[in-house]
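A short worksheet on the structure shown next.
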Amino acid sequence: MPTIREQLEQRELMMLVPQAARSAETRGRLRPEAEDDLRPAFQRDRDRIIHCKAFRRLKHKTQVFFAPAGDHYRTRLTHTLEVSQIARTIAKALWLHEDLTEAIALGHDLGHAPFGHHGERVLNELMPGGFNHYEQSLRVVDVLERDGRGLNLTWETRDGIAKHSKGKLGVPVGTDSSDRAATLEGQIVRISDLIAYVNHDIDDATRAGVLQESDLPKTSVRVLGETSSRRIGRMVGDVIFETRRLQLREIRMTGEVLDETLALRQFLFRAVYENEVSTAEFRKAGDILGALWTKVRERPLDFLDHRTVQAEGPDVAARDFLAGMTDRYAVGLFARLFIPKPWVDMHRALEEWTE
Ligand code: MG
């Protein structure tokens, strides 16, 4: 009698297109381990990510707006869930592997620094050799979770996480094969990340009064639609039909929709991400990270993981510590280390940080 997992693997073989990844054909995990009786390999990856600590910390990491007063702004966690929703819609429509797609989507930003992209820029300047969140996401799942043992995910999930972004100037589809995820599921997450943030960042920036819908580039609005909902629908549909037209050789968008999507991203960089007013608080946040970087490296034994300090040096250990912080943890630790005690009321936030 086959196990439930074997039956589900069989169902994948019957249901999914030949171009889909298949759990039973995974290239395997970093360390071999016995298969589960109930869940195929990619489903298990997804579950491990949901249960890990870095995933829960996404709740308190900035997406774009620093410690927003309103409850309706995105956080890194709700961004991740929106990416997952968009990516699964595309995967399902193309008969690709939804669980693998979801695992990559839920894991893609686990290595994100506090204070959004500003935090990433600051860490990039502080860390010899630089810093980027997609490499750190892979380090979280490979090494940092479970007290240094990592989540031991499959090769396909790890590849998708490592290749989900190339930053500000990266193109999400149609890149060289060495630059994109090996699976179509991984490629879906990369374009879904862009679709999600371009649209929800416009929504949040509008909510914050940083821009108005009428400020958006006219051609983009004409091609993509007048509301977030329409634009997401247009982009998602375009990915599905263009990828099908090209017989699933790789995940693609039509030139017209891609150009206007990138135009919106460029507009957001100018109007929001790098706007003087909206980044004013982030400059202070950058100073906080800079001060913490100096302090924890002065006293590595008090703050940093001893094994990492010994094996890879204080810079790597400090990077892991700072990148793992939530916004409020970084602010709380700064207050504890630099501001005389009677002035602060942030100890409780610090105590909530449990190992
Ligand atoms: Mg993302």
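Order of listing sets the numbers, starting from 1, for every ligand and every atom in it. We number each residue from 1, following the sequence as shown. All heavy atoms count here, side chains included; hydrogens, waters and symmetry mates do not.
- Centroid-to-centroid, the aromatic rings of His108 and Tyr134 stay 6.0 Å apart or farther.
- Residue contact annotation: His108 places an N/O/S atom under 2.8 Å from the Mg ion (ligand 1).
- When the N, O or S atoms of Asp193 are ranked by distance to the Mg ion (ligand 1), OD1 comes first.
- Taking the Mg ion (ligand 1) as reference, the nearest N/O/S atom within Asp109 carries the name OD2.
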Hey, can you pull the donor-acceptor pairs under 3.5 Å for the side chains in residues 217-227, sequence neighbours left out?
{"from": "Lys218", "atom 1": "NZ", "to": "Ser214", "atom 2": "O", "distance (Å)": "3.1"}
{"from": "Ser220", "atom 1": "OG", "to": "Glu260", "atom 2": "OE1", "distance (Å)": "2.9"}
{"from": "Thr227", "atom 1": "OG1", "to": "Arg230", "atom 2": "N", "distance (Å)": "3.1"}

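- Atom CD1 in Ile161 sits 6.5 Å away from atom CG in Leu110 (nearest 0.5 Å).
- Using a cut-off of 4.0 Å between Lys/Arg side-chain N and Asp/Glu carboxylate O, Asp315 and Arg319 are scored as not salt-bridged.
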